[in-house]
Amino acid sequence: MSRSVSTEVMPDKDGMFGPYGGQVVPPELKAIMDEITLAYEEISQKESFQNELSDLLKHYVGRPSPIYHCKRLTEHCNGATIYFKREDLNHTGAHKINHCLGEVLVAKSMGKTKVLAETGAGQHGVALATACALLGVPCEIHMGTVDIEKEHPNVMRMKVLGATIVPVTRGTATLKDAVDSAFEEYMKDPKNFFYAIGSVVGPHPFPMMVRDFQKIVGEEAKTQFNEMVGKNPDVLVACVGGGSNAIGLFTAFLEDENVRIIGVEPSGLGLETPDHAATLTKGQPGVIHGFKCYLIQDEKGDPKPVYSVASGLDYPGVGPQHSYLKDIGRVEYETVSDQECLDTFVSLSRLEGIIPALESAHAVAYAMKIAPELPGQNILINLSGRGDKDLDFVVKKMNL
Ligand SMILES: *Cc1c(COP(=O)(O)O)cnc(C)c1O
């Protein structure tokens with residue numbers, strides 16, 4: 001396992017993380033992406049931008065989010081000591097507000113007239129609609145009708161926040177189809193529109209930019225954990241859809257060789273069925289939405305429909321940096337099934353009084369699986385979001 005690779009300088013100037021990432025887009029779009037890269041590099045150096053962003057993260061989002069020692073969950077697992085980084089306590093209830101504020105600030109500084117995006121669980125849509133309302137920028141959200149059905153409360157939030165919602169019925173009517181739809185709209189006027197990508201995916205500079213906006217999670221966690229426990233955590237665990245909350249936690253620890261890092265993907269109804277979204281576990285290198293990464297694909301190399309009980313995790317691609325971290329062996333990628341996720345949703349709620357997002361429950365479920373074998377170790381889980389949005393669904397599904 002080679003762990004000495006410097007991850008700080010990634011990606012290279014072409015947006016490559018090893019063989020992954022880049023800009024697999026038509027020339028006219030590449031020109032626009034290069035413009036965004038330049039604008040981002042310029043603005044992110046400015047003290048005024050950094051001050052405005054940190055001010056909003058502190059006073060609007062409520063950062064730093066706490067580190068919480070889960071006593072009852074730890075007792076229940078009878079092994080490792082378990083801690084949460086509480087991204088569920090952010091304004092809007094998840095980690096996504098961190099990169100949405102950053103992206104909308106960049107869009108606004110570039111004079112863009114409309115910010116648009118897709119959403120899966122509705123969390124990116126709500127976070128983006130929130131950032132757009134706050135900063136006074138028009139917002140348009142594309143969402144699969146299956147997800148609209150499942151995530152009704154988030155749909156209402158986006159409407160109240162003033163966003164325009166575009167329902168998407170094509171394909172499986174979930175996240176990937178919403179991306180396709182939003183992208184088509186974007187291509188009508190990419191000079192004036194800004195496509196705010198919801199994770200560390202898409203063409204360069206988005207995987208880099210979204211990671212940079214999320215890495216505050218791990219930076220805070222490192223300081224907080226060392227203050228609280230006196231050393232780094234032994235193990236980090238985070239769920240991986242596109243990979244933004246995971247890379248947000250991981251980045252500050254990548255160079256710390258003694259920290260074991262685990263990303264958790266959804267195995268849905270089973271890895272042997274087509275109904276999972278375990279991209280890094282079952283996928284092969286390919287191209288989706290303008291970048292190279294591990295991909296769940298058909299014989300022709302086209303993305304295949306994927307599935308998870310957690311809408312925010314059902315994407316057939318994954319961030320290029322995660323693809324690279326898998327290949328060099330720095331991060332382990334494991335899976336958790338729908339059933340394990342649902343069981344954890346209920347047991348965590350009852351053990352700690354914390355209702356997790358179905359996405360985050362994947363990370364908790366995996367940590368609970370390994371905790372009994374790791375007595376004396378400390379596990380830090382990124383609790384990426386809260387589960388209010390999933391309540392109706394879980395109560396029905398679990399007959400509560
Ligand atoms: C969207 C979402 C995820 C998955 O997205 P990543 O980019 O992989 O982090 C995970 N947890 C929550 C709560 C989400 O809303």
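Both counts, for ligands and for their atoms, begin at 1 and track the order of listing. All figures in this text were calculated on a predicted structure; none of them were measured in a lab.
For the pair K292 and P19, the minimum side-chain heavy-atom distance is 4.5 Å or more.
With respect to K369 and E340, a salt bridge is recorded, a charged nitrogen being found less than 4.0 Å from a carboxylate O. A salt bridge does not link E265 with K282: none of the charged nitrogens is closer than 4.0 Å to a carboxylate oxygen. With salt bridges taken as basic N to acidic carboxylate O contacts below 4.0 Å, one links E35 and K191. Checked for salt-bridge contact, D256 and K222 meet the test: a charged N lies under 4.0 Å from a carboxylate O. A salt bridge links D34 with K30; the closest basic N to acidic carboxylate O contact falls under 4.0 Å. Taking the charged nitrogens against the carboxylate oxygens, E185 and K114 do have a contact shorter than 4.0 Å, which makes a salt bridge.
On a distance-only criterion, S360 and ligand 1 share no N/O pair closer than 3.5 Å. For ligand 1, one of its N or O atoms has an N or O atom of H95 under 3.5 Å away. Close N/O approach between S199 and ligand 1 is found [any backbone or side-chain N/O within under 3.5 Å]. Looking at V240 next to ligand 1, no N or O pair under 3.5 Å apart turns up. For ligand 1, the polar-atom distance check finds an N/O of K96 within less than 3.5 Å of one of the ligand's N/O atoms. Residue G243 has at least one N or O atom closer than 3.5 Å to an N or O atom of ligand 1.
Within a 6.0 Å radius of CD in Q50, more than 12 heavy atoms belonging to other residues, nucleotides or ligands are found.
Closest to atom 9 (O) of ligand 1 by heavy atom, among N245, L175, V318, is N245.
Heavy atoms of H124 found under 4.0 angstrom from ligand 1: none, in either backbone or side chain. Of all the heavy atoms of A357, the ones lying under 4.0 Å from any atom of ligand 1 belong exclusively to the side chain.
For atom 4 (C) of ligand 1, the closest non-hydrogen atom of the protein is G312 O, 3.4 Å. Of the protein's non-hydrogen atoms, S244 N, 3.3 Å is the one closest to atom 6 (P) of ligand 1. From the protein, the heavy atom lying nearest to atom 12 (C) of ligand 1 is S384 OG, 3.5 Å.
Scanning for salt bridge (Lys or Arg N to Asp or Glu O under 4.0 Å) contacts around E184 gives R170, with sequence neighbours left out.
Close contacts of ligand 1 with G385, meaning ligand atoms under 4.0 Å from a residue heavy atom, involve 13 (C). Counting the atoms of ligand 1 from 1 in the order shown, those under 4.0 Å from a heavy atom of Q123 are 15 (O). Heavy-atom proximity to G241, at under 4.0 Å, picks out these atoms of ligand 1: 8 (O).
Between F49 and F213, the ring planes are tilted. Angles from 30° to 60° get that label.
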